[in-house]
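One structure is given below, encoded as structure tokens.
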Amino acid sequence: MARPSTPLLSPEIIGDAGLALARAGEPFGVNAIARSLGVRPSSLYNHADGADAILELMRGRLIASYRVQPQGVPWDDYVLEVLRAQRRMYADFPALVPLLVDRTITNPDLIASYDDLATVLVDAGFPEDEVLTIIAVIDAFAIGFGLDLASPDEVWRPEGETRTLGRLLEGGVRGEARAARSFELGAAILIDSLRARLPR
């Protein structure tokens, strides 16, 4: 029998299948991915050595879609684009957040994206002993605002009297407009704070 012209399985196919399940809010473990691809779970192990390795394949496919290349732009423009891309990524895949932050990153493409960020920050003049901390702050900011983007349109609903919050909510924006406004203000504050840390 002739071999199929398109392989039934590959690291990319497995990673994409896991992401499709996660985005749909369905279980994305080894058995679920195998079912979605119409193969036996053991077949996946020819391409990934266990659940952690499959998660790394999913990470690799994520960064392929959301990675921002430096392209020689100023550091603050680059950081803002990274924040926007990561915010969208975490909003698109909120179910992955606990797993993504709970495991050591080994995927070469994701490591390369962090290397890009570290290089841009060092080249901009940030002290090397602060760069990893700044990257952690950027990560935490993006995760928080990614989850905020996935939050309900009505975040606060006081059921009793309030001194200030209720009045502010009456004229406040909601939904994606609120999330976008919060993100842009937060990003501006973060980048202004980073600028202030650059050696004079």
Side-chain angles (χ1 to χ4, degrees), residues 10-23 28 33 47-150 179-180 182-199:
S10 69
E12 294 77 15
I13 289 171
I14 294 170
D16 286 344
L19 290 179
L21 290 172
R23 192 162 197 168
F28 48 89
I33 292 173
H47 303 272
D49 185 21
D52 284 351
I54 288 175
L55 184 62
E56 284 303 294
L57 294 180
M58 293 168 66
R59 276 175 162 166
R61 298 307 289 162
L62 268 181
I63 201 60
S65 298
Y66 294 90
R67 184 175 179 181
V68 178
Q69 301 285 353
Q71 305 286 1
V73 299
W75 73 267
D76 43 0
D77 290 343
Y78 176 68
V79 168
L80 182 57
E81 287 308 305
V82 168
L83 287 170
R84 286 175 173 153
Q86 288 189 356
R87 170 184 177 245
R88 173 51 60 187
M89 179 180 74
Y90 290 122
D92 288 344
F93 296 93
L96 282 178
V97 170
L99 295 176
L100 293 177
V101 301
D102 190 40
R103 287 169 171 77
T104 299
I105 296 169
T106 61
N107 180 272
D109 294 328
L110 191 49
I111 291 291
S113 74
Y114 278 104
D115 188 40
D116 286 342
L117 183 54
T119 301
V120 166
L121 292 172
V122 168
D123 289 349
F126 287 96
E128 292 199 0
D129 61 353
E130 290 191 3
V131 166
L132 291 179
T133 303
I134 292 170
I135 290 174
V137 170
I138 290 170
D139 265 350
F141 182 97
I143 290 170
F145 275 97
L147 295 178
D148 179 62
L149 188 56
S182 300
F183 170 78
E184 293 298 333
L185 176 59
I189 292 170
L190 174 58
I191 290 176
D192 283 347
S193 299
L194 290 176
R195 287 195 192 103
R197 297 196 69 81
L198 278 173

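Everything numeric in this text was worked out from a predicted model, so none of it was measured. Note that the numbering runs from 1 along the sequence shown for the chain.
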Trace of the side-chain contact (heavy atoms from CB on, under 4.5 Å) decision for Leu194 with Asp76: CA-CA 9 Å; Leu194 290 176; Asp76 43 0; over 6 Å; no
Are any of the side-chain heavy atoms of Leu55 and Leu96 separated by less than 4.5 Å? yes
Within 45° of the six-membered ring axis of Phe183 and under 6.0 Å from that ring's centre, is NZ or CZ of Arg87 located there? yes
Let me know which of Leu121, Asp115, Leu117 forms a side-chain contact (heavy atoms from CB on, under 4.5 Å) with Thr119. Asp115
Measuring from atom CG of Leu147 to atom CD1 of Ile143, what distance do you get when rounded to the nearest 0.5 angstrom? 7.5 Å
Residues, nucleotides or ligands: over 12 heavy atoms within 6.0 Å of Asp109 CG: yes
If you round to the nearest 0.5 Å, how far is CG of Asp52 from CZ of Arg103? 4.5 Å
Would you please test Phe93 and Met58 for side-chain contact (heavy atoms from CB on, under 4.5 Å) and show each step? CA-CA 11 Å; Phe93 296 93; Met58 293 168 66; over 6 Å; no
Where Ala124 and Leu198 come nearest, the two heavy atoms and their spacing: O-CD2, 3.5 Å
When every non-hydrogen atom of Gly125 is compared with those of Pro199, the smallest separation belongs to O-CD, 3.2 Å
Distance (rounded to the nearest 0.5 Å) between Leu132 CG and Phe126 CZ: 13.5 Å
Write down the atom of Ala22, the atom of Ala95, and the distance for their closest heavy-atom approach. O-CB, 4.4 Å
Looking only at heavy atoms, what is the nearest atom pair of Ile191 and Trp75, with distance? O-CH2, 4.0 Å
Hey, is Arg61 close enough to Glu12 for a salt bridge, meaning N to O under 4.0 Å? no
Considering non-hydrogen atoms only, spot the tightest contact between Pro98 and Asp102 and give its length. O-CB, 3.1 Å
Glu56: which residues meet the side chain to side chain donor-acceptor pair (under 3.5 Å) condition with it, sequence neighbours left out? Arg59, Thr106
Does atom CD (Gln69) have a neighbourhood of more than 12 heavy atoms from anything else shown, all under 6.0 Å? yes
Could you tell me whether the side chain of Ser193 reaches within less than 4.5 Å of the side chain of Ile189, counting heavy atoms only? yes
Under 3.5 Å, is there a donor-acceptor pair between the Asp148 and Tyr90 side chains? no
Residues in side chain to side chain donor-acceptor pair (under 3.5 Å) contact with Asp192, at least two apart in sequence or another chain: Arg195
Partner residues of Tyr78 under the ring-ring contact (aromatic ring centres under 6.0 Å, His included) criterion, sequence neighbours left out: none
Would you call Asp116-Arg67 a salt bridge at under 4.0 Å N-O? yes
Which value, rounded to the nearest 0.5 Å, describes the distance between Ser113 atom OG and Ile105 atom CD1? 7.5 Å
Provide the closest heavy-atom pair for Pro11 versus Leu57 in the form atom of the first, atom of the second, distance. CB-CD2, 3.7 Å
Kindly compute the distance separating CG (Leu149) from CG (Asp92), expressed to the nearest 0.5 Å. 8.0 Å
Checking Arg88 against Tyr66: charged group under 6.0 Å from the ring centre and within 45 degrees of the axis? no
Considering only heavy atoms from C-beta outward, does the side chain of Glu184 approach that of Arg84 to under 4.5 Å? yes
Does any non-hydrogen side-chain atom of Ser10 lie less than 4.5 Å from one of Ile13? yes
If you measure from CD1 on Ile134 to CG on Asp139, what distance do you get to the nearest 0.5 Å? 12.5 Å
